Amino acid sequence: MSQIRVRFAPSPTGYLHVGGARTALFNWLFARRHGGVFILRIEDTDLQRSSTAMVEGILQGMEWLGLDYDEGPFFQSDYVEQHRAAAHRLLDTGWAYRDFTPKAERTDAEVKQQISEAARQPALLNPWRDTPRAESDARAAAGEPHVIRFKVPQEGKTSFVDSVFGLQERECREIEDLVLLRTDGHPLYNLCVVVDDIEMGITHVIRGQDHLMNTHKQILIYQALGKPVPMFAHLPLILAPSKEKLSKRKHGEIVSVTAYRDRGFIPEAFLNFLALLGWAPDSAEFRDREIFSRAELIEHFSLDRIHKSNAVFNFNEGDERNWTDQKALWMNGEYIKSMPLEELLPLVRVELEKACLWNDEFDGVRRAEILRTLGILRDRYRTLTDFATLGRPYIVDGLDFTYDEAAVAKNLRKDPALATLLPALADQFATLDEFTHESTEAALRAFAEQQGVKAGLLINGSRTALTGQSVGPGMFDVFVAIGQSRTVERLRHAATLI
RNA sequence: GGCGCGUUGGUGUAACUGGUUAACACGCCGCCCUCUCAAGGCGGAGAGCACGGGUUCGAGUCCCGUACGCGCUACCA
């Protein structure tokens with residue numbers, strides 16, 4: 001069999017959203033799995049709704065996810081002449097005709113309205129369908145405005161075997177004579193895809209299920225053009241919590257992949273999550289696992305493990321903690337806590353730089369120190385941005401962080417004695433020659449005993465004094481992470497909060 | 001309206017060509033650990049497989065119907 005060639009063909013009418021990203025991913029996995037070619041083609045024939053900013057967003061999303069393409073990006077708008085030529089070839093071979101019906105101006109809303117109304121009665125055959133060629137040519141030559149429509153056969157049916165949905169059949173008479181070329185000569189989607197897919201030698205079309213019906217029209221065009229029909233695999237849709245198809249326009253930035261990049265997702269984790277939306281590995285060995293490396297995904301990917309029903313993607317913009325699908329957040333957390341620290345650091349660095357917390361020494365003399373700090377923090381973080389927000393007290397010098405009111409009330413103000421105990425503890429710490437987990441623990445416990453208070457009181461008080469928070473890693477690790485001088489400073493300062 | 005597709009716990013999925021009390025992950029709840037938890041360990045609740053009928057010794061798995069959901073139905077893509 002000849003080499004597999006697939007393409008991802010987004011239209012730049014919005015940023016790359018998670019549905020599109022999954023389509024891209026599945027195409028990419030399929031190509032990589034079979035040593036095929038993955039092509040990126042931007043379908044920008046709808047000039048009014050396309051924009052270069054959106055193209056840029058799509059490119060960025062692809063790059064972030066590591067979905068590298070072997071050819072492209074191609075722009076469909078660069079091939080309009082070929083699209084027109086194909087339409088005229090169909091006209092010449094009798095597979096298309098000119099329709100001189102005046103164009104109806106209507107808004108999107110009106111179109112939608114009319115679809116449901118007009119479709120109630122069976123469609124009539126277009127009166128221009130069988131206009132003699134000579135008359136058609138004469139009218140066209142006279143400059144009479146017209147569209148070119150595909151002449152759908154009135155007999156028989158189209159069929160294809162979809163790799164996901166199985167045998168698909170449709171009566172030709174139920175397919176309308178679709179417009180190939182608009183009045184202004186602009187080629188339309190169904191013609192463009194077919195011409196481009198032929199031109200690019202696409203062997204497998206992997207795309208969203210919303211194109212399942214279009215496929216019949218496209219197959220008719222392939223056949224009229226005398227070209228072989230590729231294989232098709234339609235993917236189930238990704239739905240919003242409201243169960244509608246995900247869309248940038250309706251659901252906003254929260255469904256765009258760049259939002260996941262900006263909010264601290266690790267591309268590998270997001271990819272992993274996406275791969276499991278509508279697909280599951282075959283191998284029994286992998287059945288009860290959720291975390292798969294990119295290489296494992298490639299190795300085990302197959303179209304026949306894609307299932308047919310739509311998947312709900314749970315996001316919740318209003319919820320600060322669970323702003324997106326909880327499983328995605330969990331998965332990102334798994335990557336954060338298990339990846340090599342050396343690989344985590346550059347990712348965290350980006351976040352720290354954004355928050356103006358990065359210090360070049362973190363990549364020099366303080367590298368070991370920062371790695372150790374990341375090591376104790378990452379167990380409970382789920383996004384990279386957590387390092388810059390929740391992790392801020394661990395990174396920043398001085399007292400440039402906020403004290404959580406509830407934490408202060410719970411751990412500091414609870415016992416007024418802490419106003420003197422914590423500075424006294426600071427004095428103890430200041431005398432330590434070595435500032436380690438062991439030495440700080442010994443010092444703190446000895447001090448607690450000497451003062452006749454529970455170690456927990458000092459520990460919890462210290463946590464809030466040093467981090468402003470009520471939760472965090474084991475306290476003796478925190479002392480070491482914050483370091484002797486900052487620890488002493490913050491313990492003394494805590495007295496002013498009580 | 002027509003056509004198409006789908007329907008396993010709240011969510012994502014599993015269950016070999018029909019065969020034990022439907023499995024895993026996320027989430028939820030509880031307990032333990034403990035200096036805290038958004039960490040870790042252990043355990044639990046939650047679907048009888050949309051509903052109804054049929055085929056079969058036996059069906060989530062096959063057939064029919066119904067309901068519901070989604071998609072498409074543009075001189076959008």
Side-chain angles (χ1 to χ4, degrees), chain A residues 9-13 43-46 48-50 76 99 101 103-106 108 110-112 114-123 145-149 162 165 168-171 174-176 178-184 186 188-190 192-193 208-214 216 234 236-237 239 241 243-245 273 276-280 284 287-291 307-314 321-322 325-331 333 337 376 378-382 386 390 407 410-411 441 444 454-464 469-476 478:
Chain A
S11 65
T13 52
E43 310 225 315
D44 57 347
T45 52
D46 185 353
Q48 261 138 41
R49 298 200 298 177
S50 301
Q76 199 161 54
D99 178 355
T101 309
K103 182 183 180 183
E105 295 291 347
R106 34 187 206 169
D108 280 11
E110 287 165 351
V111 168
K112 231 184 158 186
Q114 284 171 20
I115 285 169
S116 50
E117 285 173 9
R120 250 163 252 271
Q121 306 92 309
H146 61 274
V147 298
I148 294 181
R149 285 185 185 273
D162 189 272
F165 289 94
Q168 300 294 311
E169 292 183 299
R170 197 172 185 202
E171 293 293 335
E174 286 169 2
I175 303 173
E176 76 284 1
L178 58 146
V179 172
L180 265 16
L181 248 44
R182 282 194 207 155
T183 304
D184 61 7
H186 255 90
L188 255 23
Y189 174 73
N190 281 301
C192 297
V193 239
Q209 193 225 46
D210 43 353
H211 289 294
L212 202 54
M213 292 285 109
N214 282 332
H216 291 99
H234 287 87
L237 267 18
L239 271 26
K243 308 277 195 284
E244 357 165 58
K245 186 170 81 162
F273 173 77
L276 264 21
L277 231 41
W279 175 83
R287 189 136 298 160
D288 292 341
R289 274 179 52 195
E290 306 287 324
I291 306 292
H307 73 157
K308 302 181 178 70
S309 56
N310 297 339
V312 174
F313 177 59
N314 277 309
R321 177 163 163 71
N322 295 315
D325 198 288
Q326 298 201 69
K327 189 157 185 170
L329 286 166
W330 165 80
M331 196 168 271
K337 66 187 66 165
I376 66 162
R378 65 173 175 170
D379 274 353
R380 62 211 73 209
Y381 288 176
R382 300 190 302 176
D386 287 341
L390 299 173
K410 181 183 170 204
N411 291 332
E441 176 158 18
L444 183 142
K454 296 187 102 174
L457 180 72
L458 297 175
I459 287 171
N460 288 324
S462 296
R463 186 182 333 273
T464 300
Q469 299 162 9
S470 61
V471 301
M475 200 54 213
F476 302 108
V478 174

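Lettering of chains follows the sequences in order, A, B, ..., and the numbering in each one begins at 1. These values consider heavy atoms only, across backbone and side chains, with no hydrogens, waters or symmetry-generated copies. The structure presented is a predicted model; accordingly, all values stated were derived computationally and were not measured.
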State the syn/anti category of B/G48 according to its glycosidic angle, syn meaning within 90° of 0.
syn
So what does A/Lys245 touch, heavy atoms closer than 4.0 Å: a base, only the sugar-phosphate, or nothing?
sugar-phosphate
Quick check for you: among B/C70, B/U73, B/C76, whose closest atom lies nearest to any side-chain atom of A/Leu239?
B/C70
Does the side chain of A/Gln209 get closer than 4.0 angstrom to OP1 or OP2 of B/G4 through an N or O atom?
no
Is the phosphate of B/G4, meaning OP1 or OP2, less than 4.0 Å from a side-chain N or O of A/Arg170?
no
Of all the nucleotides listed (B/A25, B/G4, B/A77), which has the minimum atom distance to the side chain of A/Met213?
B/G4
Classify A/Arg289 by what it touches in the nucleic acid, base, sugar-phosphate, or nothing, heavy-atom distance under 4.0 Å.
nothing
What string of B, S and - do you get for nucleotides 27-43 of chain B, 5' to 3', when a contact is any protein heavy atom under 4.0 Å?
S-------BBBBSS---
Please give the distance between the C1' atoms of B/U8 and B/U13 as a whole number of Å.
10 Å
Can you tell me, in whole Å, how much space there is between the C1' of B/G9 and that of B/G54?
28 Å
When you compare the protein's N or O atoms with those of nucleotides 61-68 of chain B, which come within less than 3.5 Å of each other, and at what distance?
none

In whole Å, what separates the C1' atom of B/U34 from that of B/A50?
47 Å
Quiz item: A/Asn214 side-chain donor-acceptor pair to B/A77 base, under 3.5 Å:
yes
Verdict with reasoning, A/Leu181 to A/His186, per side chain to side chain contact (heavy atoms under 4.5 Å, CB included)
CA-CA 5 Å; A/Leu181 248 44; A/His186 255 90; over 6 Å; no
Can you tell me which nucleotide in B/C75, B/G71, B/U7 comes closest to the side chain of A/Ser309?
B/U7
Going by side-chain hydrogen bond (donor to acceptor under 3.5 Å, both in side chains), name the residues that satisfy it together with A/Asn314, two or more places apart in sequence or in a different chain.
none
With sequence neighbours excluded, what pairs up with A/Gln469 under the side-chain hydrogen bond (donor to acceptor under 3.5 Å, both in side chains) test?
none
At 4.0 Å (heavy atoms only), tell me whether A/His307 reaches a base, stays on the sugar-phosphate, or touches nothing.
sugar-phosphate
Run the salt bridge (Lys or Arg N to Asp or Glu O under 4.0 Å) test against A/Asp210 and tell me which residues pass, sequence neighbours left out.
A/Lys245
Selected nucleotide, minimal atom distance to A/Ala280 side chain, candidates B/U13, B/C3, B/U11:
B/U13
With A/Arg149 via salt bridge (Lys or Arg N to Asp or Glu O under 4.0 Å) - residues at least two apart
A/Asp99
In whole angstrom, give me the gap between the P atoms of B/C16 and B/U61.
12 Å
Give a yes or no answer on whether the side chain of A/Asn310 reaches the backbone of A/Pro236 with a donor-acceptor pair at less than 3.5 Å.
no
Please list, chain by chain and in numerical order, all residues satisfying ring pair (Phe, Tyr, Trp, His ring centres under 6.0 Å) with A/Phe273, sequence neighbours excluded.
A/Phe313
Is it the case that the side chain of A/Arg182 and the backbone of A/Asp184 share a donor-acceptor pair, with hydrogens and angles ignored and the cut-off at 3.5 Å?
no
Considering every strand and a 4.0 Å limit on heavy-atom distances, what is the contact class for A/Phe165: base, sugar-phosphate, or nothing?
sugar-phosphate
May I ask you to say what A/Lys103 touches in the nucleic acid, namely base, sugar-phosphate or nothing, with a heavy-atom cut-off under 4.0 Å?
base
Under 3.5 Å, side chain of A/Arg170 to main-chain N/O of A/Ile175, donor-acceptor pair present?
no
Please map the stems of RNA chain B, keeping only stretches of three or more Watson-Crick or G-U wobble pairs with both distances under 3.5 angstrom.
B:1-7 with B:67-73, B:10-13 with B:23-26, B:28-32 with B:40-44, B:50-54 with B:62-66
Looking at every strand, decide which applies to A/Thr45 at a 4.0 Å heavy-atom threshold: base, sugar-phosphate, or nothing.
sugar-phosphate
Which value, in whole Å, describes the distance between the C1' atoms of nucleotides B/C64 and B/G30?
47 Å
Which whole number of Å gives the distance between the P atom of B/C24 and that of B/G18?
24 Å
Reckon A/Val179 touches a base, only the sugar-phosphate, or nothing at all at heavy-atom distances under 4.0 Å?
sugar-phosphate
Check side-chain contact (heavy atoms from CB on, under 4.5 Å) between A/Gln326 and all other residues, then give those that pass, not counting sequence neighbours.
A/Asn322
Using atom P in both nucleotides, what's the gap between B/U20 and B/C49 to the nearest angstrom?
15 Å
Hits for ring pair (Phe, Tyr, Trp, His ring centres under 6.0 Å) against A/Phe165, two or more places apart or cross-chain, chain-then-number order -> none
With A/Arg463 via side-chain hydrogen bond (donor to acceptor under 3.5 Å, both in side chains) - residues at least two apart
none
Side-chain contact check for A/Ser11: nearest option of B/G71, B/U13, B/A77 is B/A77
Measure from the side-chain heavy atoms of A/Asn314 and tell me the nearest of B/U11, B/A14, B/G71.
B/U11
With sequence neighbours excluded, tell me which residues meet side-chain hydrogen bond (donor to acceptor under 3.5 Å, both in side chains) with A/Glu171.
none
